[in-house]
Amino acid sequence: LGMFSELKFPVPWGHMAAKAWGPSEGHPVLCLHGWLDNANTFDKLIPLLPRGCYYVAMDFSGHGLSSHRPAGCPYHFLDYVTDVRRVAAALQWRRFTLMGHSMGGAVAGMFCFLYPEMVDKLILLESLGFLLAPEDTEAWLKSKRRVIDRLLSLEAKQQTPKARSPEAALQRLLEANSHLTAEGGAILLQRGATETPAG
């Protein structure tokens with residue numbers, strides 16, 4: 001298991017990077033590194049683990065070879081959980097093992113809470129996993145999962161913006177905002193629309 005391959009998955013701000021060991025048809029194991037580390041965290045460990053698994057160690061955004069988020073965008077804990085969801089989607093993994101070190105373990109724990117049907121085993125290295133206060137756990141998890149799922153499905157459906165005539169653009173704006181007058185809509189469009197050769 002010494003030999004590895006480099007993987008790259010497109011995301012809206014660039015790409016996520018990962019390295020993979022073992023047969024791609026083997027049991028999938030996603031490996032999550034700790035705070036300020038990267039996928040190389042697992043270089044010495046992977047060769048000692050059972051063969052027959054497909055180990056993918058990802059770089060969280062802003063770490064290793066993954067793209068940084070745009071300047072001025074903070075890195076929230078939940079964004080790392082979303083990174084995991086993105087990589088699982090890119091790999092088309094429906095169910096897999098999660099192995100996380102330190103912060104990666106906390107991310108893995110949270111992912112398990114949000115997507116229990118996707119994880120068959122959770123392996124934590126120097127990590128407590130993730131604990132939630134019991135009171136609103138259900139509602140909180142539901143809403144967080146909805147946020148991530150909606151974001152990914154919106155991005156998947158992203159098309160190039162349609163060009164419209166100024167009249168059609170105004171019409172569309174007025175249909176979407178029933179309280180707008182035609183004059184108000186036209187004022188907003190002066191600054192809210194971009195003219196292209198197509199419209």
Using the rule given for side-chain contact (heavy atoms from CB on, under 4.5 Å), can you reason through Phe42 versus Val56, listing the C-alpha separation, both sets of side-chain angles and the distance that settles it, and then say yes or no? CA-CA 10 Å; Phe42 298 99; Val56 174; over 6 Å; no
Could you tabulate the donor-acceptor pairs under 3.5 Å formed by side-chain atoms of residues 58-65, not counting sequence neighbours?
| from | atom 1 | to | atom 2 | distance (Å) |
| --- | --- | --- | --- | --- |
| Asp59 | OD1 | Ala39 | N | 2.7 |
| Asp59 | OD2 | Leu65 | N | 2.9 |
| Ser61 | OG | Arg69 | NH2 | 3.4 |
| Ser61 | OG | Asp83 | OD1 | 3.2 |
| Ser61 | OG | Asp83 | OD2 | 2.6 |
| His63 | ND1 | Ser61 | O | 2.9 |
| His63 | NE2 | Leu36 | N | 3.4 |

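- At a threshold of 4.5 Å between side-chain heavy atoms, the hydrophobic network of Ile, Leu, Val, Met, Phe, Trp and Tyr places Phe77 and Tyr75 in one connected group.
- Here salt bridge (charged side-chain N to carboxylate O under 4.0 Å, His left out) pairs that include residues 140-150, with residues two or more places apart or in two chains, are Glu117-Arg145, Arg145-Asp149.
- Residues Arg86 and Leu151 form a side-chain contact, since some pair of their non-hydrogen atoms from C-beta on lies under 4.5 Å apart.
- Side-chain contact between Phe4 and Pro47 is absent, with no heavy-atom pair separated by less than 4.5 Å.
- Under the 4.5 Å side-chain criterion, counting only non-hydrogen atoms from C-beta, Asn40 is in contact with Lys19.
- Interatomic distance, CZ of Phe111 versus CE of Met118, reported as 4.5 Å (0.5 Å rounding).
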Before giving the answer on side-chain contact (heavy atoms from CB on, under 4.5 Å), spell out for Leu98 and Phe96 the whole-Å C-alpha distance, their side-chain angles and the decisive distance to 0.1 Å. CA-CA 7 Å; Leu98 264 178; Phe96 53 94; 3.7 Å; yes
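- By the criterion of side-chain heavy atoms lying less than 4.5 angstrom apart, applied directly or through intervening Ile, Leu, Val, Met, Phe, Trp or Tyr residues, Leu78 is grouped together with Tyr115 in one hydrophobic cluster.
- Atom OG1 of Thr82 and atom CD1 of Ile148 lie 3.5 Å apart (nearest 0.5 Å).
- Rounding to the nearest 0.5 Å gives a distance of 14.0 Å between CZ of Arg94 and CG of Leu91.
- Interatomic distance, SG of Cys53 versus NE2 of His27, reported as 6.0 Å (0.5 Å rounding).
- Taking CG of Leu114 as the start and OG of Ser143 as the end, the distance is 9.0 Å to the nearest 0.5 Å.
- Side chains of Val119 and Phe113 form no contact here, defined as non-hydrogen atoms less than 4.5 Å apart.
- Counting non-hydrogen atoms of neighbouring residues, nucleotides and ligands closer than 6.0 angstrom, the CH2 atom of Trp13 exceeds 12 such neighbours.
- Note: Tyr54 and Trp93 have perpendicular aromatic rings, judged against thresholds of 30 and 60 degrees for the angle between ring planes.
- The shortest side-chain heavy-atom distance between Cys31 and Ile46 falls under the 4.5 Å cut-off.
- Of the possible donor and acceptor atoms, none in the side chain of Ser127 sits under 3.5 Å from a partner among the backbone N and O of His101.
- Take Asp79 and apply the salt bridge (charged side-chain N to carboxylate O under 4.0 Å, His left out) test, not counting sequence neighbours, and it matches no residue.
- For the pair Leu188/Asn177, no side-chain contact is recorded, criterion being any heavy-atom separation below 4.5 Å from C-beta on.
- Counting non-hydrogen atoms of other residues, nucleotides and ligands closer than 6.0 Å to CZ of Arg164 gives a total above 12.
- Tracing side-chain contacts under 4.5 Å through hydrophobic residues (I, L, V, M, F, W, Y), one never reaches Trp140 starting from Val147; they form parts of separate clusters.
- In summary, the side chains of Thr181 and Glu183 do not present any donor paired with an acceptor at a separation below 3.5 Å, with no hydrogens or angles considered.
- For the atom pair NZ of Lys157 and CG of Leu152, the computed distance is 11.0 Å after rounding to the nearest 0.5 Å.
- When side chains are defined from C-beta on, Asp37 does not count as touching Met103, because their heavy atoms never get closer than 4.5 Å.
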